[in-house]
There are 2 protein chains.
Amino acid sequence: MPQGYSLEPVVQESTPSIIARKLRYAIAHGEVAPGSQLGEAELARELGVSRGPLREAMQRLTQEGLLVSIRNRGLFVIEMTDAEIRDMYVLRTAIESAACKLLVRADHVAAGNDLLAKVAKMENASNAGDRAAMSDADLAFHEDLVALSGSRSLARIHSTLMTETRMCLTVLQASYRGTEEWIAEHRGIAEAILDGNGPLAELRLGEHEDDALARLTNSPSEPASVSIA
Amino acid sequence: MPQGYSLEPVVQESTPSIIARKLRYAIAHGEVAPGSQLGEAELARELGVSRGPLREAMQRLTQEGLLVSIRNRGLFVIEMTDAEIRDMYVLRTAIESAACKLLVRADHVAAGNDLLAKVAKMENASNAGDRAAMSDADLAFHEDLVALSGSRSLARIHSTLMTETRMCLTVLQASYRGTEEWIAEHRGIAEAILDGNGPLAELRLGEHEDDALARLTNSPSEPASVSIA
DNA sequence: AGCGATAGAATTGTAAACAATTGACAGATG
DNA sequence: CATCTGTCAATTGTTTACAATTCTATCGCT
């Protein structure tokens, strides 16, 4: 077997899948504003595909909750209210907490070290003053947290949440002030996992996501998660 | 304004949505076996629609994880291995636990009574020896648990999990022996919520879902959830 | 007899044309 | 002058036809 080529099975990604991925990226990165309409004809021309596959891709994104469909009117990018963002974080915390539970019962040492490496990346981005890299590293941390749990179900749901989160970050131009504290929170989670202390990891995770929520929404409101102490 | 007509806005459900709903039901109730192929032409003829809307519905179900697509081969109903069923229950437990957390912070008395009413329905079905009604009441309990939490995010994810659960129940012809214990578990959860005891509700929920898992899978394996004590 | 290649059939992926519904603007009417 | 109605333009929803890819079965060869 020739080295250098990881002979993975050729992934014949379907056209709707490609379109969905591109649109997801565009929405996540604010290239299309929330609330704006996505005209079929225009998009099809832009992407160089016909309306059939495009509509199929739209259905996927609608199912994911990134678009809302109004019959005979068109498809629109979701506009998330503060309440909806809070609700999203309820789900996100639920998913990541479950991932923590799984992690501490698996190889939590390897996972913890892996996550600490991601924290180091955040520090580098922070020192360089690179806001975009900071966001990337932040999201990568949480994505890894779930990926390392080995649960396909959790990962699938979580990936859609990450695009929504990215969208909020982009749109709201979330301020990354208090960076040191921000990094410390991530490190705290990683260390709790390294120690195999599941409840502590979940507790810190809950507090961390409450902080994140406070940065994204105006009303402080009640925290999304509660202490299990 | 004429009485007798509740003049709610007419909801024009889109054709793909209708198709998706019908297919979901068919899959959940074992009318199409797991692993079987869904031919476009045949389905379109059966449902009286053309391939366009049908394909859009398929994309939705694929996104939900009920179907898997193999390019140029077709769409197939998922076959869940024991490992995948366990993984699904990890997610399900995560969602329902989060719902418990929300519930005890809201009107947990009303919610608890509501859930106890569902338990009563289970008892009736049990006494009547009606297995189908038993399944319905079982699923209705868990559906309400999430619905009462008021979280749209949780409800959306949970609804897809319920169809998958129903599919497993149907396919595996899950035995409902030990019905008394089964009902008692549900009652325990409802009472914990009635009392506003979140941690206890989550604990009992976790044990309950482990039991459910044991009925569905062959290998006992390790429990999906861990005690938080 | 077993293996390989080739041809055929079936199915999916794509595209373009057609039909139906909606929203807005303009004109008529009280 | 305000309001209602009718027409028009634009967009979506649906259907039909066509192209490309893949599986299968048969035929020939070793």
Side-chain angles (χ1 to χ4, degrees), chain A residues 7-24 26-27 31-79, chain B residues 1-2 7-24 26-27 31-79:
Chain A
L7 240 28
E8 302 243 332
V10 177
V11 283
Q12 284 276 29
E13 198 178 5
S14 71
T15 306
S17 178
I18 297 171
I19 299 171
R21 187 159 41 76
K22 291 203 171 193
L23 282 177
R24 238 178 255 124
I27 293 173
E31 295 171 22
V32 286
S36 62
Q37 182 172 8
L38 299 181
E40 285 187 3
E42 183 189 342
L43 264 181
R45 235 182 314 120
E46 244 173 89
L47 293 169
V49 295
S50 69
R51 285 177 52 208
L54 181 71
R55 285 178 63 87
E56 293 177 30
M58 299 293 225
Q59 288 290 333
R60 279 174 94 132
L61 297 182
T62 302
Q63 184 66 27
E64 285 179 29
L66 255 58
L67 302 178
V68 289
S69 168
I70 303 179
R71 196 182 160 99
N72 290 318
R73 281 288 304 279
L75 288 150
F76 303 82
V77 181
I78 50 162
E79 290 180 287
Chain B
M1 192 194 286
L7 243 26
E8 302 249 326
V10 177
V11 283
Q12 284 275 32
E13 196 179 6
S14 73
T15 307
S17 178
I18 297 171
I19 299 171
R21 187 159 42 77
K22 291 202 170 194
L23 283 176
R24 236 180 256 125
I27 293 172
E31 294 172 22
V32 286
S36 62
Q37 182 173 7
L38 298 180
E40 284 188 4
E42 183 189 340
L43 264 181
R45 238 183 313 117
E46 242 173 273
L47 293 169
V49 297
S50 71
R51 283 180 49 213
L54 183 70
R55 287 179 63 86
E56 292 176 28
M58 299 293 225
Q59 290 288 336
R60 279 172 96 129
L61 296 182
T62 302
Q63 182 67 25
E64 286 180 27
L66 255 56
L67 302 178
V68 290
S69 168
I70 304 180
R71 195 184 159 103
N72 290 321
R73 281 287 305 281
L75 289 150
F76 303 82
V77 181
I78 50 161
E79 289 179 287

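The chains referred to below are lettered A, B, ... by the order of the sequence lines, with proteins before strands, and numbering in each begins at 1.
Rounded to whole angstrom, the span from the CE atom of A:Met58 across to the P atom of D:dG13 amounts to 10 Å. The interatomic distance linking A:Leu47 (CG) with C:dA15 (C1') rounds to 15 Å, in whole Å. Rounded to whole angstrom, the span from the CZ atom of B:Phe76 across to the C1' atom of C:dT12 amounts to 11 Å. Distance, B:Ile70 CD1 to D:dC23 C1': 12 Å, rounded to whole Å. Distance, A:Arg71 CZ to D:dA10 P: 22 Å, rounded to whole Å. Rounded to whole Å, the distance from CD on B:Glu40 to C1' on C:dT12 is 6 Å. Atom C1' of nucleotide D:dT24 and atom CD of B:Gln37 are separated by 14 Å, given to the nearest angstrom. Atom pair A:Glu42:CD and D:dT12:C1' shows a separation of 15 Å (rounding to whole Å applied).
Looking only at side-chain heavy atoms (C-beta outward), B:Ile27 and B:Ile78 stay at 4.5 Å or farther from each other. B:Leu67 places a side-chain heavy atom less than 4.5 Å from the side chain of B:Val77. With a 4.5 Å cut-off on side-chain heavy atoms, B:Ile19 and B:Glu56 do not count as touching.
Each of A:Arg73 and B:Leu75 has a nearest nucleotide on DNA chain C; the 5'-most of these lies closest to B:Leu75.
Across all strands, B:Leu38 comes closer than 4.0 Å only to sugar-phosphate atoms, never to a base (heavy-atom distances).
Between A:Leu23 atom CG and A:Leu47 atom CG the span is 6.0 Å, to the nearest 0.5 Å. Separating the CZ atom in B:Arg60 from the CG atom in A:Leu61 is a distance of 11.5 Å, to the nearest 0.5 Å.
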Pick out the pairs of N or O atoms, protein on one side and nucleotides 15-19 of chain D on the other, that lie under 3.5 Å.
residue	atom	partner	partner atom	Å
D:dT15	OP2	B:Ser50	N	2.9
D:dT15	OP2	B:Ser50	OG	2.4

Side chains of residues 33-40 of chain B: which donor-acceptor pairs under 3.5 Å do they make with residues two or more places apart or in other chains?
residue	atom	partner	partner atom	Å
B:Ser36	OG	B:Ala33	O	2.5
B:Gln37	NE2	B:Arg73	O	2.8
B:Glu40	OE1	B:Arg51	NE	2.7
B:Glu40	OE1	B:Arg51	NH2	3.1
B:Glu40	OE2	B:Arg55	NH1	2.5

